[in-house]
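Read through the structure below, which is laid out as structure tokens, and then see the notes.
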Amino acid sequence: MLRDRSLRRALRLGDRDARVVRLLADGRGCGFAALVAALGDPDEVRTRLSALARLYVLAGERATTRLSLVQEAAEFAATLAAAAAAPEAAAGTVPVHFPPGRDPPRHRCVATGACCSASFLGPMSDNDRIRVSGLRLGARARVSDGADALESVEFQGQELWGMRRIGGDCVALGDDNLCDLHAEHGYDIKPIPCRQFPLRFHRTPWGLHVSLLLACEGYDRARGEADAWSTREQEVRAFLAEGAHVPASALPFEWSAGVPASVAETRGLLDALLQGFDTDIAAPADPLTPETAEYTADPRALLATVVRSFEAATLARAAALSEGEEVAQVAAAGLATAGLADALEGDAPWFDVTGLAAHKARLAARATALADRDEPADVTRLGRFATGLDALIDNAQAAPRGAFRLSELARRHLLDVVHNDLPAQIALGQLDAGLANLARRLRFVEALACALSAADGASEVTARHTTLALKVAYRSEPDITALSASWVRRADAAT
Ligand code: SF4
């Protein structure tokens, strides 16, 4: 066990790595030749030194940079504590950032219950919990006493409260997909997470990042004029002042394992990655009717460009923090995004079909178990997820470009996977893994939307297909992440 006081952590190392550290620490093995003499294989020594460097165990520029970020982490923690102690004051001053390159959402509730069937319907503020627990619910609801309409989960030592689910849906959701709290007591009585939907907040060191939960089928459905971002900003500040629960990004930032960067550097990278978003997308001819807007950007090609820029920036930064030639440097193949850009631009299948088929078999077993437990909402979602996997396996719907026409609004939705979610992933402090996730999400949504269109006997993918596919994808995040084992890397295939 290695106790690291500077970074306040304890690392459990394997025997061989621990031996390298001991040799380095006692001075007898500090030369490369001495390490090779002790371990026997120069390649093994290089690889072990590289792994230790990426854990910031070796003295050098990389570890020094990582240590300097401790101060930034402390400052961010202090900001978070101040916001929690005085939410109203913090709500008035925090800079608010909306998705770049995107017009405000034209949201209209279409009563699909999408916001009322997530795996956790919270977290609520203390006031939400007190208010809801004192209510009488009406005939739509499946409980009559507000105190019975709540449930809690344990998260990182905290007890978080949300609306209770039965069969995968909120107990206040009626058969007509309308909310009983809203119908009986009005909009303002609902907990903050319900009113906030489809906006989602993350707190970053440069302010509050707002994104859209693309699982909502009602976004961009309203025909009237959308509220300007400035109006949405007032709404966001009101939620913050009311005590909205806001997850914070991880700190300090790493662009990839062992590639640390300061807040300013990460913010600069974000700006560079997003540069050109406005020019890549032809502006809608009439911003009030997105159905007729001419979005011409190709979502896959756009994400591929972002991935290439990210890889180049990360490798350059890793080289600048190099410990010397005796420590193997981060190679492109070591990044979670390796091969992604090629796969995004090509028509070849991304996934290993055998892996997908095995995943589908596991889904079927889970669906049977859920059906036995009477959880129909999740069974339906899993069924649609399996349809998306079938489309990827067949590759018929997923690969050939031009086989399906994409309606303009459907294209807007696919672009949102990049525009809206990329800053959100960065706000969460995930860069390479986040980009890989976006790529899988985009390709899955594309395949499922085409499959849904084919099932309708149509040759055009419409906004109805993409919104449904997005809903399935966002409710199936762990399943999409699990597909990473089936990822086909061009780099691997070439060797
Ligand atoms: S309280 Fe209403 S809006 Fe909130 S999750 Fe339940 S049904 Fe949906």
Side-chain angles (χ1 to χ4, degrees), residues 105-155 159-201 210-222 227 232 235-236 238-247 370 374-381 467-468 470-477:
R106 301 143 56 81
H107 182 253
R108 176 171 62 99
C109 179
V110 289
T112 60
C115 51
C116 314
S117 59
S119 51
F120 176 57
L121 300 172
M124 296 175 167
S125 69
D126 288 346
N127 284 340
D128 286 338
R129 186 166 55 82
I130 294 164
R131 194 172 65 247
V132 173
S133 62
L135 293 174
R136 293 297 296 169
L137 278 69
R140 262 193 191 82
R142 281 172 288 170
V143 297
S144 52
D145 192 337
D148 295 330
L150 304 173
E151 65 184 10
S152 68
V153 296
E154 186 84 8
F155 181 70
E159 187 177 40
L160 300 178
W161 287 86
M163 292 297 292
R164 189 173 143 208
R165 295 174 1 131
I166 294 180
D169 292 327
C170 175
V171 291
L173 187 69
D175 289 341
D176 52 4
N177 270 342
L178 293 177
C179 169
D180 187 82
L181 297 190
H182 193 141
E184 294 289 320
H185 303 280
Y187 169 83
D188 290 334
I189 208 82
K190 296 195 291 186
I192 295 174
C194 305
R195 284 178 282 140
Q196 178 185 325
F197 197 89
L199 300 183
R200 177 175 59 161
F201 309 151
V210 182
S211 53
L212 300 170
L213 266 164
L214 302 180
C216 177
E217 292 176 52
Y219 88 103
D220 281 341
R221 289 291 183 90
D227 284 337
R232 304 309 299 251
E235 197 184 311
V236 169
F239 282 132
L240 295 178
E242 206 185 321
H245 191 276
V246 184
L370 287 167
D374 194 20
E375 298 195 17
D378 284 337
V379 173
T380 305
R381 177 186 62 76
T467 48
L468 187 52
L470 283 165
K471 180 179 166 188
V472 174
Y474 283 84
R475 292 285 178 257
S476 311
E477 249 337 291

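Indexing begins at 1, ligand by ligand and atom by atom, following the structure's order. In this chain, numbering begins with 1 at the start of the sequence shown.
None of Cys179, Cys194, Cys116, Ser117 except one satisfies the side chain to side chain contact (heavy atoms under 4.5 Å, CB included) rule with Cys170; the exception is Cys116. In summary, of the residues considered (Glu242, His182, Glu235), a side chain to side chain donor-acceptor pair (under 3.5 Å) with Arg195 occurs for Glu242 alone.
Looking at Arg129, its side chain never comes within 3.5 Å of a backbone N or O of Trp161 through a donor-acceptor pair.
Residue, atom and distance of the protein heavy atom nearest to atom 2 (Fe) of ligand 1 are Cys179 SG, 2.3 Å. Among protein heavy atoms, atom 6 (Fe) of ligand 1 sits closest to Cys170 SG, 2.3 Å.
For atom 8 (Fe) of ligand 1, the set of nearby N, O or S atoms under 2.8 Å includes one belonging to Cys116.
If you check each of Cys194, Gly122, Gly162 against atom 4 (Fe) of ligand 1, the one with the closest non-hydrogen atom is Cys194.
Close contacts between ligand 1 and Leu181 involve ligand atoms 1 (S) [criterion: under 4.0 Å to a heavy atom]. Of all atoms in ligand 1, numbered sequentially from 1 with element shown, those under 4.0 Å from a heavy atom of Leu173 are 7 (S). Atoms of ligand 1 found under 4.0 Å from any heavy atom of Met163, numbered from 1 in the order shown, are 1 (S).
The shortest distance between side-chain heavy atoms of Phe120 and Phe155 does not fall below 4.5 Å. Within the 4.5 Å cutoff, the side chain of Leu199 has heavy atoms near those of the Leu212 side chain.
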(request) Please test Met163 against Val132 for side chain to side chain contact (heavy atoms under 4.5 Å, CB included), starting from the C-alpha separation and ending with a verdict. (result) CA-CA 9 Å; Met163 292 297 292; Val132 173; 4.1 Å; yes
